[in-house]
Novice: 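What follows is a structure written as C-alpha cells; I'll ask about it next.
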There are 2 protein chains.
Amino acid sequence: MAKRETTKDKILNAAETLFAEHGFEQTSLRQITSEAGVNLASVNYHFGSKKALIQAVMARYLEVFMPALQGQFELLALQPSINSRQVFDCFREPLRQLASVRKHGPTYFLSLLGFAYAEIQGHLRRYIMTHFGEVMQLLQAMMHRANPNLSPVDMFWRLHFVLGTLVFTQVSGPALREIAAADFGESVRADQIIDKLIPFVAGGVDAAMV
Amino acid sequence: MAKRETTKDKILNAAETLFAEHGFEQTSLRQITSEAGVNLASVNYHFGSKKALIQAVMARYLEVFMPALQGQFELLALQPSINSRQVFDCFREPLRQLASVRKHGPTYFLSLLGFAYAEIQGHLRRYIMTHFGEVMQLLQAMMHRANPNLSPVDMFWRLHFVLGTLVFTQVSGPALREIAAADFGESVRADQIIDKLIPFVAGGVDAAMV
DNA sequence: GTATATTTTAAACATTCGTTTTAATTTAGA
DNA sequence: TCTAAATTAAAACGAATGTTTAAAATATAC
C-alpha cells in the first residue's frame, strides 16, 4: 500500500537535504517548503518553529546513531585492553547504518552535525548531553582506558579537538573534495573522508603532552 | 602628537572586536557603528560594503602575520632535518607579535580566522592563496620535508584537518573554556589553548596512514 | 576668505526572514 | 450523510538587514 508521503515527512526530507548542503541559518523556510512542494505555513503548523524543525531533523538521526554507537562501545568495553584507534573505529558501523534512514544518511548526518556545532553550539551540546548522556560518558570512559596517562582535562580538550576536526571537515567537505580532485586528480567520495580522518584524530589523541 | 582616531579606524576596531566575538554574519553594521560611535552610513562610505569591511579587518592582521610566518619558515628551512612539531611551532612567534596590532590581537586573529573559514569558506581561501601563496607553498614544503613518506594528497587532507581543529577551537573556544573551568576547576587562558593544540595536531599529522 | 572637495548625518529604501492570521479545504467520526 | 476536527492555502505582519540618497556640516586648497 505504501501510504503517500505525508506533508510532515516531505518537510523533513527537504529540510534535511538543504540543511546538510547549506547549513541551518543559510536555509530559509521558503526554500524548504518550495523544495518540498508544500505551503510555507505548514512548517509552523507541524513543527511550531524553525528551531523545532532543526531539532526534529537531528533527532531522526541521533535516535538511530546513538544507540548503535553505545552498542559498539559496550562491545569494545569487553576487551582487556583498548587503544584510541579502536574507540574511533566504533563510529564506523553506526555511521554506515544511517544509510537505512536515508539514501545519503551517513554523509548528511555528519554534515548536519558539523553545521549544528558550528552555528548553534550551545543548543546541540545541551541536547546531546541531556538525551544521550550515557553514550557520551561511555565515550569518555573508553578514551580514558585507551589513554590512562592523559589527565581528564587534557582528554577533554583533545576530544573537542577531534570534534572540531570532524565538524570542519564536513562543513567544508565539498569545497575541499573539489580542490583535492583538481590538484591531485584523486576524487574522494564523501563517505571516504572518514578513512583519512580516523588515523589523524587517533594520532592526535595519542600524542605525547609536552 | 597622536592624531585623533579617525572614523575609519574606529569602525575597524569596533568591527574587529564584534566579529571576533560573534562572527561575521551575526554582527550587524548597526552594532558596529553603534559601538564605534559613528554613523551607520559611514561603513559603506569608507569601505563600500560589509564584505569589504570584513576583508579590511582580516587584511590588517594577515599583512603582519604572514610575512612573520614566512620568516620563521625560512629560518627552519636551514635546518638539516625537520619534524612536524617544529613546523607548527613556527606559528607561535608570529601569533604572539599580533599583540602589537591590538591588545588582544593573537586571540582576535585566531577567532576571526575561525569564523572566516566557517562562514565564508571560499572567499578567505581564495584571498589567502592569491595574496600569500608563497607562504602557503613554504608551509607545504616544510610539511613534506617533515613527513616525506606521506603522499601529497594525504598531506593536503591532514593540513586541512589541522586548520579545522584550529578554527573550531577558536570559534567555540569561550564556551569550551567555560565548561573546562567548571568541570575541572582549571581555567585556561585563550592564548594558552594553542599549547594544547600543537601537540595534538603534530601527533595527527605524524600518524601512520592505515 | 571663499570656493571646492570631503565627510558626516538622518532618513528612507528594498529585501528577506520567521511567524501569525484568517479563510478555504480536506479528512475522520458518529 | 452530516458535523466537527484537522490540515492546507494565501496573504499580511513586524522586525531586521545591507544599502542608497540627499542635505548638512566640516575640512581643505587657493
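Each chain gets a letter, A, B and so on, in the order its sequence line appears, and its residues count up from 1.
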Novice: Under 3.5 Å, is there a donor on one side chain and an acceptor on the other for A:Asn13 and A:Glu5?
Specialist: yes

Novice: Is any side-chain heavy atom of B:Val87 closer than 4.5 Å to one of B:Phe73?
Specialist: yes

Novice: Is the shortest side-chain N/O distance from A:His46 to OP1 or OP2 of D:dT8 below 4.0 Å?
Specialist: yes

Novice: Can A:Glu21 and A:Tyr108 be counted as having a side-chain donor-acceptor contact under 3.5 angstrom?
Specialist: no

Novice: State, without any angle test, whether A:Ser42 and A:Thr7 hold a side-chain donor-acceptor pair at a distance under 3.5 Å.
Specialist: no

Novice: Do we get B:Lys196 above A:Phe161's six-membered ring, with its NZ or CZ under 6.0 Å from the centre and within 45° of the axis?
Specialist: no

Novice: Rounding to an integer number of Å, can you tell me how far A:Phe47 CZ sits from C:dG18 C1'?
Specialist: 15 Å

Novice: Closer than 4.0 Å, any side-chain N/O of B:Ser42 to the OP1 or OP2 of C:dT7?
Specialist: no

Novice: In whole angstrom, give the distance that lies between atom CG of B:Asn39 and atom P of C:dT9.
Specialist: 5 Å

Novice: To the nearest Å, give me how far apart NZ (A:Lys8) and P (C:dT27) are.
Specialist: 18 Å

Novice: For the pair A:Gln70 and A:Glu74, evaluate side-chain hydrogen bond (donor to acceptor under 3.5 Å, both in side chains) and give the outcome as yes or no after the intermediate values.
Specialist: CA-CA 6 Å; A:Gln70 177 153 358; A:Glu74 285 164 354; 3.1 Å; yes

Novice: Find out whether A:Tyr45 and A:Asn39 are in side-chain contact, i.e. whether some heavy atom of one side chain is under 4.5 Å from a heavy atom of the other.
Specialist: no

Novice: With each end axis built from five pairs of C1' atoms, what bend angle do you get for the helix from C:dG1-D:dC30 to C:dA30-D:dT1? Round to 10°.
Specialist: 10°

Novice: Please tabulate the protein-to-nucleotide N/O contacts below 3.5 Å involving nucleotides 15-21 of chain D, giving atom names and distances.
Specialist:
from	atom 1	to	atom 2	distance (Å)
D:dG18	OP1	B:Lys50	NZ	2.7
D:dG18	OP2	B:Leu29	N	2.9
D:dG18	N7	B:Arg30	NH1	2.9
D:dG18	O6	B:Arg30	NH2	3.0
D:dT19	OP2	B:Asn44	OD1	3.3
D:dT19	OP2	B:Lys50	N	2.9

Novice: What are the two closest heavy atoms between A:Phe24 and A:Ala116, and how far apart are they?
Specialist: CE1-N, 3.3 Å

